[in-house]
Amino acid sequence: MTSLLDPEFIRRLGRLRLHVQRRFAGAAGGARRSTRKGQSVEFADHRAYVPGDDIRRIDWNAYARLEELVLRLHVAEEDLSVHLLIDTSASMAGEKLDTARRIAAALAYVGLAGSERVGVAPFAESVGAPLPPTRGRRRIGAVLRYLDELRADGETSLARSVEALLARRPRPGLAIVLSDLLDPGGYERPLDRLQAAKHELVIFHVLSQEELAPKGGGDYALVDRERGVRVEVSLDEHALRAYHKRLGAFLSGVEGYARRRGAMYFRAGGEVSFEDAVLAYLRTGP
Amino acid sequence: MSLLSPWGLAWLGLLVPLVLLYVLKRRRETKVVGSTLLWEQALRDLRAERPWRRLVPQVALLLQALAIAAGALALARPVGAGAVPSGAHVAVVVDVSASMAGRTRGERRIDRARALASSLVESLPPGGRMMLLEAGSEASVLAPLTSDASTLRRALGQLAVRGASADLEGAVALAAERLRGAPAGSHVLLLTDGAEDGEIALAAEVPVEVRRVVPEQDAPVVNTGIVAADCRPAPGDAADAADVFVRVAHVGDAPVDVFVTASIDGGPVVASRRLSVEPDGTASAVMRATFPPDEAGRAPIVRLQLSRAADEAGMDDDLDLDDVAVVPSPGRQRLPVFLVGDAPAPVLRVLQADPRLELFETTLARLARRGPDQPPLDGLFVYTGEVPDEPPAGDSIVIAPAADRVFELEVGAEVLAPRIVTWDEADPRLRFVSLGELQLISLRPLRGGGQRLVETDRGAAIVGIARPDGETTVLGFDPAASNWPRQASFVVFFRNLLQRARRRRDAGGIAPGTLGEPLRIPAPDGTPVVVTTPAGHRIEAVSRGGLAVVPVAAEPGVYRAKVAGRELHALRSLLDPGESDLRPRVRFSRAGAGGDTTLGVAEEHHEAWPWLAALLLLLLVAEIAWATRRPEAVPR
């Protein structure tokens, strides 16, 4: 199929579904509860019968007990819109983009297998050419090919990217952000904008092993792949201690943000493989 | 601080390529990372916590730049102020007066001056030349202008305290004269303790730098010394009785009690007095004692010693030279006068009138018959007319010489009625003598060397000659053929001559001199001379040109010399209130135009290049250590 997912992992994904905390109004009938009352088998509520209602939905058992005509209302099972926002800025090049693509591929597979509508929106300075939302298990190949062709380039601007995405008026759904969030402009306001647009936010914080645990020793001129900034540093004990202090503050800051906003947060990269991150998310469901 | 080789600083130009190399050469391994955001924040934190860490990335550059700077500075040969500028000449004048034997913080001032001069020698730049002069009672050149450090070092080794006072003016003038026409930057450096009274005008055509070897803050000093001593016959008392007079001066903050002990040199103590001396004051004592002549008939020598207690032998103050003084005792022995030829009657009457003379009449022939085994005649010779070709050692008077040459003088043809023009009133032989009324019938003018004592309009009438083995006064006329015998000045003149001869004889036969000056011992050519110093050290020398010059250290006391079985002696004492006062007090001024005088406190000039070279090596080691340091452990 593709190098992004191996068969064994796909097999493990087969029995899992994307986890959402809220209900969303779908565009078509699907396998997921909707905020609308529908014709599925899952009971939602009763209401009084009014002329013109479908008499097949009258709850005769309730009539026997209450001697009033009431209608059974059922939850409508509709498809879920899943927006995979993949950071393709230059900072994601290499290990991080690969991890992000694999996570996105896994989530897309699960979503398409669960009859969800899955769209992919790569972003850097803005949203690039997105993969429009699509559904159906047969579309997984197209999605994986799309992911496979993503390349890391350009600076990160999460704010502009989110605005560009929202300008397309996507259906509210699951917004899964896969990024290192190393944006000089910050990540909180753009993510707030996504939530304000009725999207449920899931953050996959993707970092590289080098960022999580840099090796000490030696004098280096570190060049920022995105901005070209050159930082000369001697990787001695003091410098590493200061870096880890900053890294810890950054990670706990993102995690705390997610907690405060009710978003789900998962870290990937380093010692946490993409499979572990995906499974951790998928297993949070009921 | 100055640089002996300022061109050495040109090596600092290496800093430019060094910095360029650092700019152009990428020493750091470049690593492209996704984002440097966290690193930027971490480094900001790090620099805020440890500002000096900002320098760490440039440590190697810093160390190498410092190494270059240290090397360039070392090559520039930095030294302290007063060093010899490149290509310049410097004349170092060292005060060798007695006060330079004083101690300051335990170090003798002369040694301090020697160290200062030595540091200058060691820092002599290429092209620089230096000369060394000592300013004693007379200025003398110890080393001529030279760039040879070994010559200068040898000359420095000869530096010693000499004389009671220093002729600083004369020495500086001599140095300035030698530096005339020297390159720019040349100057005279005067090293002195400034323990002189009054003001000294340093006349110099070149800049003069005065450096005091004793800083003002090191004063006050503590010193007690004998500043005057004499021994005179006790009036109306027994024979050989004499009064010893001594004056003691004290410089210090508190009064001091001292004992003055009089003893016969090499013999017993004969008197002692306790004196209390106030600060900056003096105290005197007169001690009566008997000084019988020794077995050879010579009067003994009186040794005076200062001490803290009656049974001690020293003062433990800042200067030792003035704690001892020696003076001759008056003695009762008459001065032998040997009359050679027929002395003029007026001269004979004067000699016969002196009760302390013993007259002997002799002839040239009898003098010539005296063999070398016979003891030399020890007295005053009065020659009238003829003078022997090889006169015996000793003082002499020559009256109306008959030959055309006497000693080193040429005796001119007889002239009639010469008129006295001038006479040397400062000479002790003409003390209280007025020759304004003197009228000579005839004169054989004296020409050549010697000191012209009396001058006529036709030439010198009286000349004094200083010889190694005696002093001679030559009269180019017969006093009997003048109106001089009828004047008081005639008697006074001859009394002065007798008194001078008596004093010189009392002094031991060696020409009088100041403390620390070489002994000039009259002796036939090639004769070995052995001198025993007051401390008992033996010094051997050989006479050259009728004189054995024996350098001795400044040591008060009696110097005894043995010359061919004959014993001579010399008495050396300080007896100078100005030198016993060790406080720096002299004022220097500039006389004439064109000279600069600067005054400073002495600093020893050590060249700093060895230290800079050591620093350079240390920096190189540090740089290597930095460049090869092992990576530190990575905290997780």
Side-chain angles (χ1 to χ4, degrees), chain A residues 87 89-97 152 155-156 179-186 206-251 253 269 271, chain B residues 15 17-67 619-636:
Chain A
D87 184 351
S89 65
S91 68
M92 294 289 289
E95 175 192 344
K96 287 195 286 184
L97 182 62
E155 291 187 35
T156 309
S179 171
D180 55 12
L181 298 178
L182 291 170
D183 184 349
V206 183
L207 293 167
S208 66
Q209 173 71 20
E210 187 182 44
E211 287 168 336
L212 290 167
K215 291 177 181 174
D219 299 327
Y220 292 98
L222 304 178
V223 178
D224 190 309
R225 188 176 284 119
E226 276 188 29
R227 297 173 295 146
V229 173
R230 183 184 177 91
V231 177
E232 295 192 343
V233 61
S234 296
L235 295 182
D236 58 9
E237 183 183 357
H238 302 289
L240 289 174
R241 188 175 293 125
Y243 176 82
H244 280 281
K245 192 175 170 184
R246 275 290 173 179
L247 176 67
F250 174 62
L251 295 177
E271 294 175 352
Chain B
L15 289 174
L18 175 70
V19 173
L20 283 177
L21 280 173
Y22 263 82
V23 171
L24 299 175
K25 185 179 174 185
R26 300 172 66 177
R27 291 285 303 274
R28 292 178 178 278
E29 184 183 340
T30 300
K31 184 188 269 187
V32 179
V33 296
S35 174
T36 57
L37 269 180
L38 294 176
W39 277 114
E40 289 169 43
Q41 294 167 357
L43 291 181
R44 273 200 297 274
D45 294 345
L46 201 60
R47 286 164 186 166
E49 288 172 11
R50 303 180 179 199
W52 57 270
R53 296 286 299 180
R54 189 190 305 267
L55 296 174
V56 168
Q58 280 77 38
V59 162
L61 171 63
L62 195 66
L63 290 173
Q64 289 163 7
L66 284 174
L619 287 170
L620 286 178
V621 169
E623 204 279 334
I624 291 169
W626 176 260
T628 59
R629 70 192 190 283
R630 296 176 65 183
E632 295 172 11
V634 185
R636 295 295 179 104

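We name chains A, B, ... by the order of the sequence lines, and we start the count at 1 in each one.
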Which one of A:Lys245, A:Arg241, A:Arg246 satisfies the salt bridge (charged side-chain N to carboxylate O under 4.0 Å, His left out) criterion with B:Asp45?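 That would be A:Arg246.
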Under a 4.5 Å heavy-atom cut-off, does chain B meet the side chain of [X], its backbone, both or neither?
{"X": "A:Asp183", "answer": "backbone"}
{"X": "A:Val231", "answer": "side chain"}
{"X": "A:Phe250", "answer": "side chain"}
{"X": "A:Glu95", "answer": "neither"}

Separation between CG of B:Leu38 and CG of A:Leu251, rounded to the nearest 0.5 Å: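 If we round to the nearest 0.5 Å, B:Leu38:CG and A:Leu251:CG are 8.0 Å apart.
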Minimal non-hydrogen separation, A:Asp224 against B:Ser35, with atom names: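 Closest heavy-atom pair between A:Asp224 and B:Ser35: OD2-CA, 3.5 Å.
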Testing the basics here: between B:Leu46 and A:Ala239, what is the closest heavy-atom pair and its distance to 0.1 Å?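 So the two residues come closest at CD2-CA, 3.8 Å.
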side-chain contact (heavy atoms from CB on, under 4.5 Å) partner of A:Leu222, chosen from B:Val32, B:Leu43, B:Val33, B:Thr30: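 It is B:Val33, the one option of B:Val32, B:Leu43, B:Val33, B:Thr30 that forms the side-chain contact (heavy atoms from CB on, under 4.5 Å) with A:Leu222.
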